[in-house]
Enquirer: 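Structure provided below as structure tokens; questions to follow.
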Amino acid sequence: PVVRGREVDAIYLPQSNPMFRGHPCIEALPRGLSEDELITAVEYSPEYSREDRRLSSEERLDRLINLGMTLVPVPFEWEFYCKLLRALKAGYLGRNPVDRDFYAGLPVVANAAASDVGRAVPAQHSNRWGFIVLGVTGTGKTTAIERVLQTLPQRIHHTSYPGLRAAFDQVVYLFIQMPGNGSVID
């Protein structure tokens, strides 16, 4: 399955963390949700009315299908959401498109963006925050992850930011589901 998220134009939000200020990829991420806001965003209950009790037996049996669409947040969703936001922000720290050293470190862009040929390029420090989601088959891991990802835009269009040399698109996430046997071929 393919998870297709929203595409949005960048709206830059002020950052309380000084390390995140002046970084368009971080400033364009939406404000973090509270735990209650996340639960509201990921849960789904089909419409129900007391009048449904007056339906015929056949119609009520048809309504059972609606129950299968019910999404109740699972306990790890809040933890996953928090870890995901930390991983995104930490991953962007060493990849600031406003910083000229960022372009110097990119072989394809370096010739077009760097004006000082032969200048030493400092190594980019990697800020990797990783995590893994493990669990028994059928416990709602994939559904929970898809629902949490849908609270974020998948792609952010950046057109103007102080110090930005060119417009660009930021891909916030790619969702790749592995087959049950873990094979990269299947």
Side-chain angles (χ1 to χ4, degrees), residues 1-13 15-17 20 23-53 55-93 95 126-158 168-186:
V2 175
V3 173
R4 288 219 155 90
R6 296 173 289 126
E7 294 184 21
V8 299
D9 291 327
I11 298 173
Y12 303 106
L13 304 175
Q15 299 295 307
S16 61
N17 185 336
F20 298 159
H23 198 307
C25 292
I26 295 174
E27 291 180 1
L29 292 173
R31 175 189 63 82
L33 302 175
S34 71
E35 188 170 5
D36 288 339
E37 290 171 325
L38 179 70
I39 288 170
T40 300
V42 299
E43 72 182 349
Y44 175 75
S45 298
E47 290 183 30
Y48 170 76
S49 167
R50 287 191 171 273
E51 300 298 317
D52 292 349
R53 294 178 180 189
L55 297 173
S56 69
S57 298
E58 294 79 18
E59 290 173 313
R60 284 183 287 150
L61 285 170
D62 277 347
R63 297 290 171 101
L64 286 176
I65 295 169
N66 299 2
L67 291 177
M69 299 177 74
T70 301
L71 293 172
V72 178
V74 292
F76 86 89
E77 280 178 286
W78 172 247
E79 182 182 355
F80 172 73
Y81 176 76
C82 292
K83 287 181 178 181
L84 176 64
L85 287 182
R86 280 195 308 267
L88 285 171
K89 290 176 181 180
Y92 287 134
L93 279 177
R95 297 166 181 89
S126 175
N127 291 301
R128 293 188 186 109
W129 280 67
F131 54 92
I132 188 168
V133 177
L134 297 173
V136 178
T137 302
T139 56
K141 297 176 304 299
T142 300
T143 300
I145 290 167
E146 289 173 347
R147 299 291 295 172
V148 167
L149 288 175
Q150 289 174 357
T151 67
L152 299 170
Q154 186 172 26
R155 191 162 82 174
I156 301 173
H157 306 288
H158 295 264
F168 70 96
D169 284 351
Q170 171 185 354
V171 177
V172 178
Y173 67 86
L174 292 175
F175 180 82
I176 302 170
Q177 187 173 354
M178 292 296 294
N181 65 6
S183 170
V184 293
I185 298 171
D186 290 343

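Scope of the values below: all heavy atoms of this structure, side chains included, with no hydrogens, waters or symmetry mates.
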Enquirer: What pairs with Leu134 under side chain to side chain contact (heavy atoms under 4.5 Å, CB included), at least two apart in sequence or on another chain?
Expert: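 Only Ile132 meet the side chain to side chain contact (heavy atoms under 4.5 Å, CB included) criterion with Leu134.
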Enquirer: Who passes side chain to side chain contact (heavy atoms under 4.5 Å, CB included) against Arg50, sequence neighbours left out?
Expert: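 For Arg50, the residues satisfying side chain to side chain contact (heavy atoms under 4.5 Å, CB included) (neighbours in sequence not counted) are Arg53.
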Enquirer: Which pair of non-hydrogen atoms, one from Gly32 and one from Leu85, has the smallest distance, and what is that distance?
Expert: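 It is CA-CD1, 4.1 Å.
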Enquirer: If you count heavy atoms of other groups shown closer than 6.0 angstrom to CG of Leu67, is the number above 12?
Expert: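 Result for CG/Leu67: enclosed.
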Enquirer: Check side chain to side chain contact (heavy atoms under 4.5 Å, CB included) between Asn17 and all other residues, then give those that pass, not counting sequence neighbours.
Expert: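 Residues passing side chain to side chain contact (heavy atoms under 4.5 Å, CB included) with Asn17: Met19, Phe20.
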Enquirer: Can you measure from CG (Asp9) to CG (Asp169) and round to the nearest 0.5 angstrom?
Expert: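 Interatomic distance, Asp9 CG to Asp169 CG, rounded to 0.5 Å: 9.5 Å.
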Enquirer: Would you please name every residue forming a side-chain hydrogen bond (donor to acceptor under 3.5 Å, both in side chains) with Glu51, sequence neighbours left out?
Expert: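 Partners of Glu51 under the side-chain hydrogen bond (donor to acceptor under 3.5 Å, both in side chains) test: Arg54.
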Enquirer: What distance do Leu88 atom CG and Tyr173 atom OH have between them, rounded to the nearest 0.5 Å?
Expert: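 Leu88 atom CG to Tyr173 atom OH measures 10.5 Å (nearest 0.5 Å).
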Enquirer: If every non-hydrogen atom of Pro30 is compared with every non-hydrogen atom of Leu13, which pair is closest and at what distance?
Expert: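 Pro30 and Leu13 have their closest heavy atoms at C-CD1, 4.0 Å.
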Enquirer: So, Gln154 side chain and Gly5 main chain: donor-acceptor pair closer than 3.5 Å or not?
Expert: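 Yes.
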Enquirer: Taking the side chain as every heavy atom from C-beta outward, state whether Asn66 and Tyr48 have any atom pair closer than 4.5 Å.
Expert: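 Not touching, per the 4.5 Å side-chain cut-off.
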Enquirer: What are the two closest non-hydrogen atoms of Val74 and Ala144, and how far apart are they?
Expert: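 Result for this residue pair: CG2-CB, 3.8 Å.
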Enquirer: Any donor-acceptor pair under 3.5 Å linking the side chain of Thr143 with the backbone of Gly140?
Expert: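 Absent.
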Enquirer: Just jot down the salt bridge (charged side-chain N to carboxylate O under 4.0 Å, His left out) partners of Glu7, sequence neighbours excluded, or say none.
Expert: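 Testing Glu7 for salt bridge (charged side-chain N to carboxylate O under 4.0 Å, His left out), a comparison that skips the adjacent residues, returns Arg155.
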Enquirer: I need the Leu149 CG to Leu174 CG distance, nearest 0.5 Å.
Expert: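 Nearest 0.5 Å value for the CG-CG distance: 10.0 Å.
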Enquirer: Quick check against the 3.5 Å criterion: does Gln170 have a side-chain atom that pairs as donor or acceptor with the backbone of Cys25?
Expert: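 Such a contact is found between Gln170 side chain and Cys25 backbone.
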Enquirer: Between CG of Asp62 and OG of Ser57, what distance do you get to the nearest 0.5 Å?
Expert: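 So the gap between those two atoms works out to 11.0 Å.
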Enquirer: Pairs in or reaching into residues 130-144: which pass salt bridge (Lys or Arg N to Asp or Glu O under 4.0 Å), with residues at least two apart or in two chains?
Expert: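 Every pair satisfying salt bridge (Lys or Arg N to Asp or Glu O under 4.0 Å) with a residue in residues 130-144: there are none.
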Enquirer: Enter the distance from Lys89:NZ to Leu84:CG here, rounded to the nearest 0.5 Å.
Expert: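 It is 10.5 Å, given to the nearest 0.5 Å.
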Enquirer: Taking salt bridge (charged side-chain N to carboxylate O under 4.0 Å, His left out) as the definition, give me every residue that meets it alongside Glu58, ordered by chain and number, with sequence neighbours left out.
Expert: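 Listed in chain order: nothing, the list is empty.
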Enquirer: About how many Å separate CD1 of Ile156 and CD of Glu27, when rounded to the nearest 0.5 Å?
Expert: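 That separation rounds to 11.5 Å.
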Enquirer: Show every side-chain hydrogen bond (donor to acceptor under 3.5 Å, both in side chains) that has at least one partner inside residues 72-84, sequence neighbours left out.
Expert: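 Those involving residues 72-84 are Glu79-Lys83.
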Enquirer: Tell me every residue that passes side-chain hydrogen bond (donor to acceptor under 3.5 Å, both in side chains) with Tyr44, counting only those two or more places apart in sequence or in another chain.
Expert: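 side-chain hydrogen bond (donor to acceptor under 3.5 Å, both in side chains) check on Tyr44 returns nothing, list empty.
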Enquirer: Side-chain atoms of residues 33-42: list all donor-acceptor pairs with protein atoms under 3.5 Å, sequence neighbours left out, distances to 0.1 Å.
Expert:
{"unit_1": "Ser34", "atom_1": "OG", "unit_2": "Glu37", "atom_2": "N", "d": "3.1"}
{"unit_1": "Ser34", "atom_1": "OG", "unit_2": "Glu37", "atom_2": "OE1", "d": "3.4"}
{"unit_1": "Glu37", "atom_1": "OE1", "unit_2": "Arg31", "atom_2": "NH1", "d": "3.4"}
{"unit_1": "Glu37", "atom_1": "OE1", "unit_2": "Ser34", "atom_2": "N", "d": "2.7"}
{"unit_1": "Glu37", "atom_1": "OE2", "unit_2": "Arg31", "atom_2": "NH2", "d": "3.2"}
{"unit_1": "Thr40", "atom_1": "OG1", "unit_2": "Asp36", "atom_2": "O", "d": "3.1"}

Enquirer: What residues form a side-chain hydrogen bond (donor to acceptor under 3.5 Å, both in side chains) with Arg63, not counting sequence neighbours?
Expert: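 Per chain and number, Arg63 pairs via side-chain hydrogen bond (donor to acceptor under 3.5 Å, both in side chains) with Asp52.
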Enquirer: Could I get the full list of side-chain hydrogen bond (donor to acceptor under 3.5 Å, both in side chains) partners for His23, not counting sequence neighbours?
Expert: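 Listed in chain order: nothing, the list is empty.
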